[in-house]
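Both counts, for ligands and for their atoms, begin at 1 and track the order of listing.
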Amino acid sequence: MSLIERDSQHLWHPYTQHKTAALPIAIKKGEGALLWDENDKEYIDAIASWWVNPFGHSNKFIADAIYKQLTTLEHVLFGGFTHEPAIVLAEKLIEILPKNQQKIFFSDNGSTAVEVAIKVALQYFFNKGEKKTTIIAFENAFHGDTFAAMAASGISFYTQAFQGMFIDVIRIPVPVKGQEQESFETLKNVIQSHNCAGFIFEPLVQGAAGMVMYEPEALDELIRICRVNNVLTIADEVMTGFGKTGKTFAMDYQVEMPDMMCLSKALTGGTIPMAITTFTQDIFDAFYDEDINKALFHGHTFTANPTGCAAALASLELLQTSEMQANLLRVNKSHLAFQKKIANHPRVLTTRVLGVIFALEIKTESSESYYGTLRNKLYNFFIENGVILRPVGNIVYILPPYIISEKQLDRIYQVIQNALESV
Ligand SMILES: *Cc1c(COP(=O)(O)O)cnc(C)c1O
């Protein structure tokens, strides 16, 4: 039996309607920006395997760091114990995070990083004896699939089976060009009319919504409104973190600083599942008390896994090399050149670029749904042509490993252009 036949016996895949979905592709090997399937067909990973992989597949430098850690101390519980990889990683992150971020809490994936942030926002006010239970989030946000993260997410078909079972979340419009004032006014009104504990947002780019972008000035204004009204701000940098926007964090474009940040995806260079939520000293202090009930009673078995920490440290080291910084600039430059070339194509509605992220919206007759027919035709066309791109509705985006070659980028651009002609 082939791997694909064996897969369909027992495996249940994410975001997949197994009755109608095409069979999965069995990947055997990865190197750099390339993947090979069981029939040796080659693919360019143009979306860094769901945005996790900045430095290429099977990266030797990270693999060596992981091996060294695995054969020194693979794991130890983090309740009542600590270890050097977690301490060094915390020190290194504090150096590069926005200045007000002082405390680091570990978990296992983006959703749990968000879950921790939302729980902390709610308990922060509980500990202070204030009743604030509403969370504010953007329309079409995506923050993950656990319960509080789902509640904060606004992509409805992900969450419609669970309506009525969520914590209170109120949505405000994203301050895209022309909609800034409406976003500010709605935020002010929501804060006036509800007891809001926190505002969670994907800074500058909403990934799962289709790489929807907005300006730093607008985000600064939203954060200021929250600050003067004593609403905690949570920057969900699970997607944007570690170079994707051209700076280490999207929040590096901001004047204002958030109260909390969520990190995962590229944190370990796409190798080991790990996540971090970061906090200001003020937030930590609201839990610091003689009273045990004011502690944060949250933890995961694999909290601060040393091997994950070692992978994250190796990953940070790679990100900070001048070669990698040059790669970020190079990929951005190529995207901008392609944008210029393609923006006036009759089938292109809009294009946008930030850092290594490129997005293009295709004109459609009717309003296509997230998983509509055009989307599937495009996806199949890209796969046939050996390029892994997963359009979101009529939006095609590229978010490659930073080490992708110019030749591989040109191939992606060419395949997208061909798709515009023939799909
Ligand atoms: C992917 C993502 C998450 C969820 O992360 P998982 O590791 O898939 O749980 C949360 N927030 C944002 C912005 C993301 O892109």
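- A donor-acceptor pair shorter than 3.5 Å cannot be found between the side chains of Ser58 and Glu31.
- Residues Tyr413 and Phe338 place their aromatic rings such that the two centres sit under 6.0 Å apart.
- For Phe287 and Tyr124, the distance between ring centers is not under 6.0 angstrom.
- Looking at residues two or more places apart in sequence or on another chain, you find a salt bridge (charged side-chain N to carboxylate O under 4.0 Å, His left out) between Arg224 and Glu221, Glu256.
- Sorted by chain then number, the residues whose non-hydrogen atoms approach ligand 1 to under 4.0 Å are Trp51, Asn109, Gly110, Ser111, Phe142, His143, Gly144, Glu202, Asp236, Val238, Met239, Lys265.
- Partners of Lys294 under the salt bridge (charged side-chain N to carboxylate O under 4.0 Å, His left out) rule, at least two apart in sequence or in another chain, are Asp289.
- For the salt bridge (Lys or Arg N to Asp or Glu O under 4.0 Å) condition, the pairs that include at least one residue of residues 174-185, sequence neighbours left out, are Lys177-Glu215, Glu185-Lys188.
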